[in-house]
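To keep things clear, I will list the structure first and then write my remarks on it.
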Amino acid sequence: MEAELKDMWNDLESLKHSLTDPSLRGPVDKLQLHVERLTNLSKSVPVRRSKVKDMSAEVVDSNPYSRLMALQRMGIVENYERIREFSVAIVGIGGVGSVAAEMLTRCGIGRLLLYDYDKVELANMNRLFFRPEQVGMTKTDAAVQTLADINPDVVLESYTFNITTVQGFETFMSSLRNKSFSPTKEGSGVDLVLSCVDNYEARMAVNQACNELNQTWMESGVSEDAVSGHIQLLIPGETACFACAPPLVVASGIDERTLKREGVCAASLPTTMGVVAGLLVQNTLKFLLKFGHVSPYLGYNSLKDYFPTMEMRPNPQCSNVACLERQKEFIIAKPARDAAAMAKMEAEALTVEEIPLHADNEWNISVVDEVEIETVGATSSDALPEGLVRELPNADESQHPPPAEPAAPSLDDLEDLKRQLEALNS
Amino acid sequence: MEGWDPNTKSTLTQIPLLTTKAGPRDGAAWTQRLKEEYKALIAYTQMNKSNDNDWFRISAANPEGTRWIGKCWYIHNLLKYEFDLQFDIPVTYPSTAPELELPELDGKTQKMYRGGKICLTIHFKPLWAKNCPRFGIAHALCLGLAPWLAAEVPILVDSGMIKHKDDTTSTSES
Ligand SMILES: [Zn+2]
């Protein structure tokens, strides 16, 4: 096509020069301009780039990783290329999950496992990532379509089912256990699970799976009024699990009673979701590539631009059995952990002199006091930093002794009970 | 129980409470829980019938009792509107409530999540969490579905989103 257009341009050029009436040259110039635009358009037709074997740090405009590898040259990240060894599972490919998936894809993550049972709808178009022509596709398939185009080096797996059902949960667990991508890896088959779901039920299912698999994960959420959000790091046994205490929400500062809920379920904004996805993936990169401080909890109140942080210890009375097992293991492993930390500190003390010091605070800037309070999952909301509230109350199991069971032995056979209900139903 | 109408409140207090905290992956404990679920559902259905307020049918769709299907209906302007009802028992049950689905109404109301899951009031989840494990399927229907139908069916009918099955005067909807 390009050659055809070039010929056309040349023909127009000779036509222009053969014209005796100079006033006719104007329209020919216009035609040539159209041909030039068409030539440019024909060049922008999508081309799929081929896979690259190694991440190169070479600064040329054909290298998709040059700016990322620069992180290594600048000394921010020690070994950026390790990113290709990591597997990340993203549960919920909505306003946060899809953007997180795109960010990790562009960063060159090794493998992404994508979970969602929904389809793309026009109502999703106020958020980022999905395109109108993908309406009707499953979110996982539409995501794989886009992500594979952006970066063919990433191994993409699409899982389309509801993880809260018994069967979906088992499939979810076995997909996380699958180690075919890196057979020598310890633990499960993934390095991190990101929860980007929009409901409590699905978060509790992710929590259950990660507690059972001893799998580190990060939680993320955006409030139903679309103006606040949070991310949280959960390490089974070491930090509070999602069931250790009722879930936290960042208070928007709006009085719940004045919030109008008639006729709506939830609002959403691409901005809040994009910010939360960015915070989540930044924490993910720091966790995987071991740089900076990995936030245990970071809230975002967009109305006040306020970012509360805190840490939560596990609740020794957690209702989740797997959480209690992980807590026990964590306590047993304490001496080994302490010894390793000590050895690391000593090693660092030896090398500290070699590092050029940037310690002189030339601008004399002091960082504003962080709202960092360590709380135990068990404590009530009075121990929470300002701006954070509990979304749900604790179960008051102990306060109400169960009512005495009526003595009705005939009522204790399951089949009998089923028949009784069916009789009432007919 | 702030935010609930007195009728829902008094009905709720008459449904037997459950005691076994077990989910569908808990083997024998789940069977015990299932028995308690049936007892509560039987008592609730009997109560509705004797109060002339029978409004749902529900039964387990598989032997494990993890999937339930049935019908629910609501009377508006003397006409009965009936809908298919279905839900799964989540793996984290009873810490989390079942998500009740009315698939026929999917996409017809804002008060619904994808797949026809009804959108519960802000009062439901706190009350459910507080009462874990004492609330079961019967309580979820009473606290979740009954108020939802009472609030949404009149709006759906009046806005023309749903029509009575005998209404043949106007052209059929999509
Ligand atoms: Zn826990």
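Here is the naming used below: chain letters follow the sequence lines, and residue numbers restart at 1 for every chain.
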Once you measure the plane-to-plane angle for [X] and [Y], does it fall in the parallel (<30°), tilted (30-60°) or perpendicular (>60°) bin?
{"X": "B:His139", "Y": "B:Phe135", "result": "parallel"}
{"X": "B:Trp30", "Y": "B:Tyr93", "result": "perpendicular"}
{"X": "A:Phe242", "Y": "A:Tyr200", "result": "tilted"}

Answer with yes or no whether the side chains of A:Gln215 and A:Ser188 bring together a donor and an acceptor at under 3.5 Å. yes
Proximity breakdown for [X] and chain A, heavy-atom pairs closer than 4.5 Å:
{"X": "B:Pro63", "value": "backbone"}
{"X": "B:Lys71", "value": "neither"}
{"X": "B:Ala151", "value": "neither"}
{"X": "B:Glu64", "value": "neither"}
{"X": "B:Ser59", "value": "both"}
{"X": "B:Arg25", "value": "side chain"}

Part of [X] within contact of chain B (heavy atom distance under 4.5 Å):
{"X": "A:Asp198", "value": "neither"}
{"X": "A:Asp118", "value": "side chain"}
{"X": "A:Lys418", "value": "both"}
{"X": "A:Glu201", "value": "both"}
{"X": "A:Asn320", "value": "neither"}
{"X": "A:Gln167", "value": "neither"}

If you tally heavy-atom pairs under 4.5 Å against chain B, which of A:Glu391, A:Glu212, A:Lys119 wins? A:Glu212
As an exercise: rank A:Thr165, A:Leu392, A:Thr164, A:Leu424 by heavy-atom pairs under 4.5 Å with chain B and give me the winner. A:Leu424
Among B:Ile58, B:Thr109, B:Leu120, which residue has the highest count of heavy-atom pairs closer than 4.5 Å to chain A? B:Ile58
Heavy-atom pairs under 4.5 Å with chain A - which of B:Gln32, B:Glu152, B:Gln46, B:Arg67 has more of them than the others? B:Gln46
Using modelled atom types only, decide if a donor and an acceptor are shared between the side chain of B:Glu37 and the backbone of B:Gly136 within a distance under 3.5 Å. no
Short question: side chain of A:Arg326, backbone of A:Asn211 - any donor-acceptor pair under 3.5 Å? yes
Taking atom CG of A:Leu128 as the centre, does the number of heavy atoms from other residues, nucleotides or ligands within less than 6.0 Å exceed 12? yes
Any idea which heavy atoms bring [X] and [Y] closest together, and the distance?
{"X": "A:Gly168", "Y": "A:Phe161", "answer": "O-CE1, 3.2 Å"}
{"X": "A:Ile163", "Y": "A:Val91", "answer": "CD1-CG1, 3.8 Å"}
{"X": "A:Ala142", "Y": "A:Gln134", "answer": "O-NE2, 3.3 Å"}

